[in-house]
Protein chains: 2
Amino acid sequence: MTIADPDSATTDHRRRRDPESRPQQILDAALEVFGEHGFAGARTDDIATKAGVAKGTIFLYFPTKDDLFKAVVRREIVARIEDAEQRRADAGDMSARDFLRIFLTNYYATTQGTHALRMLRLVMGELHKHPELARFYGTEVIARAWTLLSSVVQRGIERGEFRPVDPMLAARCITSAFLMHRAWSEPSSPGFPMISHIDSAQLGNDLVEFFIDSLAAHPADRSHTP
Amino acid sequence: MTIADPDSATTDHRRRRDPESRPQQILDAALEVFGEHGFAGARTDDIATKAGVAKGTIFLYFPTKDDLFKAVVRREIVARIEDAEQRRADAGDMSARDFLRIFLTNYYATTQGTHALRMLRLVMGELHKHPELARFYGTEVIARAWTLLSSVVQRGIERGEFRPVDPMLAARCITSAFLMHRAWSEPSSPGFPMISHIDSAQLGNDLVEFFIDSLAAHPADRSHTP
DNA sequence: TGTATATTACTGACTAGTCAGTCACAATGC
DNA sequence: GCATTGTGACTGACTAGTCAGTAATATACA
């Protein structure tokens, strides 16, 4: 298990008062356990053990298991928004190809680790039972991400580098592929045996290049560029 | 609720003995309830009610809740394999574009309804807890689908109609997009508000055309065709 | 054809176990 | 001291799985 370190008996970290970081510890553990077992399958006892606190402590900070779940998702929403803000950045006069490459590579990097997969599981498997949260997530994460990505594609179209495609559709196809590939490259995934031989970074690059080439304007279409 | 039809009071279907069709009734109900609430969140009582039988009846046909879950997934695996066999069919000397179009349209049609979404939820959210089933699903459904689709792409590349892309990668990107779009077009999905204005068939067509154009060989690349 | 008897499908109250949430008490810091 | 933070045994609601009993059908015999 992951609980306390060996010297907990002497220093007893678990009882050290640290009300500032308690909620974060608990939320970290909760994401792990919810992501692994789903909402109904997760035991608060397990979350407490993972967080290194007693079960009662959880209910000191979150009134119900449901509230804890919502807090986990909300924190994730905030994190994703902050990611997006950072990525918005500076296109400069970079070519659309290069900008999209950087943008997607960045995006792929933020979904690294089991963290993103767990969140994907929660969003796909549990969020529909919390309509309010789902709407929040839809507008604050999904819609934003799609709009942002589609604006990058749009820019490429306007510069004549990309073929005239519905930018929103392209954005959705690209995010689908990146998310699903993350999910599939997890050892416990049913798709794993088929892609386990590819290393994660290589997979990211392959995806990026696939979509960049997918969007590339055919030479014949380039009539409107110098 | 969805239980028995109005005349159940008079004819009392629930008490009618029908050992032949019981397992199917139960499996249908189970897919609904598991798909809606996940494994842990599903109550056998609810499954029984939906199937129009008493709870005990379920355990007459399936020893445990776990076995019931496995049976649901297994039946779905078989159904998917049969779908795939049917789609394999006759390319003739059709152009790769047309063949891929027909193939994908067909594929999109088989994932219609909430049925496929529920299955997607189970596969993404629950299957990792049943490694044996996951492996089974991986080899018998996912691997098959990818191989099949990639062979269609491969054919297009060989005919010079498609650009020289890794066919397996293309297959995975295409399936990701189709699956995720199905999931996102569900009213309860967080992505729903963004794509609800598109009708399902139109969405399918858009996806098909997007990927066909994505794969199209650039005129300049066509050196090896007549 | 009706009626007694056997067989099989099904039922639902019950049991044993689980787990979210509580609370009386303990430890810590000021 | 005494206020704040944390603990873990406890409770009560809930649910997978059981099983004694009931009802539908099949078979036997007249």
Side-chain angles (χ1 to χ4, degrees), chain A residues 1 3-5 7-30 32-34 36-72 126 129-130, chain B residues 1 3-4 7-30 33-34 36-72 126 129-130:
Chain A
M1 276 279 137
I3 341 170
D5 31 19
D7 56 358
S8 66
T10 51
T11 52
D12 203 354
H13 286 264
R14 300 186 5 192
R15 300 202 72 108
R16 200 179 212 95
R17 306 167 88 226
D18 193 3
E20 302 296 299
S21 57
R22 278 281 177 271
Q24 294 305 319
Q25 284 172 244
I26 294 170
L27 288 171
D28 287 341
E32 262 192 77
V33 180
F34 281 138
E36 205 58 33
H37 300 99
F39 178 77
R43 268 163 287 160
T44 41
D45 251 327
D46 288 351
I47 296 173
T49 307
K50 268 224 155 62
V53 299
K55 191 166 68 154
T57 308
I58 290 178
F59 292 96
L60 228 50
Y61 292 93
F62 305 95
T64 65
K65 189 187 180 187
D66 210 81
D67 288 303
L68 175 58
F69 177 79
K70 287 179 188 166
V72 168
E126 307 280 349
K129 276 174 267 175
H130 299 266
Chain B
M1 276 277 138
I3 341 170
D7 56 0
S8 66
T10 50
T11 52
D12 204 354
H13 286 257
R14 300 186 7 193
R15 302 200 73 110
R16 199 172 217 95
R17 305 163 91 230
D18 192 3
E20 302 294 299
S21 56
R22 279 280 177 270
Q24 293 305 320
Q25 285 173 242
I26 295 170
L27 288 172
D28 287 341
V33 180
F34 281 137
E36 206 56 34
H37 300 99
F39 179 77
R43 268 165 286 160
T44 42
D45 250 327
D46 286 352
I47 296 173
T49 307
K50 267 224 155 63
V53 298
K55 191 165 69 155
T57 308
I58 289 178
F59 293 96
L60 230 47
Y61 291 95
F62 305 95
T64 64
K65 190 186 180 187
D66 209 82
D67 289 302
L68 175 57
F69 178 79
K70 287 181 190 164
V72 168
E126 308 281 351
K129 276 173 267 175
H130 299 267

Calculate the interatomic distance between B:Ile58 atom CD1 and D:dT15 atom C1'; express it in whole Å. 12 Å
Would you check, one step at a time, whether the test side-chain contact (heavy atoms from CB on, under 4.5 Å) holds for B:Leu68 with B:Ile47? CA-CA 10 Å; B:Leu68 175 57; B:Ile47 296 173; 4.0 Å; yes
Output for pair (A:Arg22 CZ, A:Ile58 CD1), nearest 0.5 Å, gives 11.0 Å
Given C:dG21, D:dG17, C:dC10, identify the nucleotide with an atom nearest to the side chain of B:Phe59. D:dG17
Just verifying a value: how many Å separate B:Leu27 CG and B:Gln24 CD, rounded to the nearest 0.5 Å? 5.5 Å
Pair B:Asp66 + B:Lys70: basic N to acidic O under 4.0 Å: yes
Below the 4.0 Å mark, does C:dC10 have OP1 or OP2 next to a side-chain nitrogen or oxygen of B:Arg22? yes
Main-chain N/O of B:Phe39 paired with B:Lys65 side-chain donor or acceptor, under 3.5 Å: yes
What are the residues of residues 62-72 of chain A, sorted by number, that bring a heavy atom to within less than 4.0 Å of DNA chain C? A:Thr64, A:Lys65
With heavy atoms under 4.0 Å as the rule, sort A:Ala42 into base, sugar-phosphate or nothing. sugar-phosphate
Take the protein atom CG of B:Asp45 and the nucleotide atom P of D:dA13, then report the distance between them rounded to whole Å. 18 Å
If you measure from CD on B:Glu36 to NZ on A:Lys129, what distance do you get to the nearest 0.5 Å? 8.0 Å
For C:dA9, take OP1 and OP2 only and decide whether either is under 4.0 Å from a side-chain N or O of B:Tyr61. no
List the steps, then state whether side-chain contact (heavy atoms from CB on, under 4.5 Å) holds for A:Glu126 with A:Phe34. CA-CA 10 Å; A:Glu126 307 280 349; A:Phe34 281 138; over 6 Å; no
Protein and nucleotides 19-21 of chain D: nitrogen or oxygen contacts under 3.5 angstrom:
none

Find the distance B:Ile47:CD1 to D:dA16:C1' and express it as a whole number of Å. 11 Å
Rounding to a whole Å, what distance do you find between B:Glu20:CD and C:dA9:P? 9 Å
Heavy atoms only, 4.0 Å cut-off, all strands: where does A:Ala48 land among base, sugar-phosphate and nothing? nothing
Closest to side chain of A:Lys55, choosing from D:dT7, C:dG21, C:dG12: C:dG21
Side chains of A:Asp67 and A:Thr64: is there a donor and an acceptor less than 3.5 Å apart? yes
Rounded to the nearest 0.5 angstrom, the CZ-OG1 distance for B:Phe62 and B:Thr44 is 13.0 Å
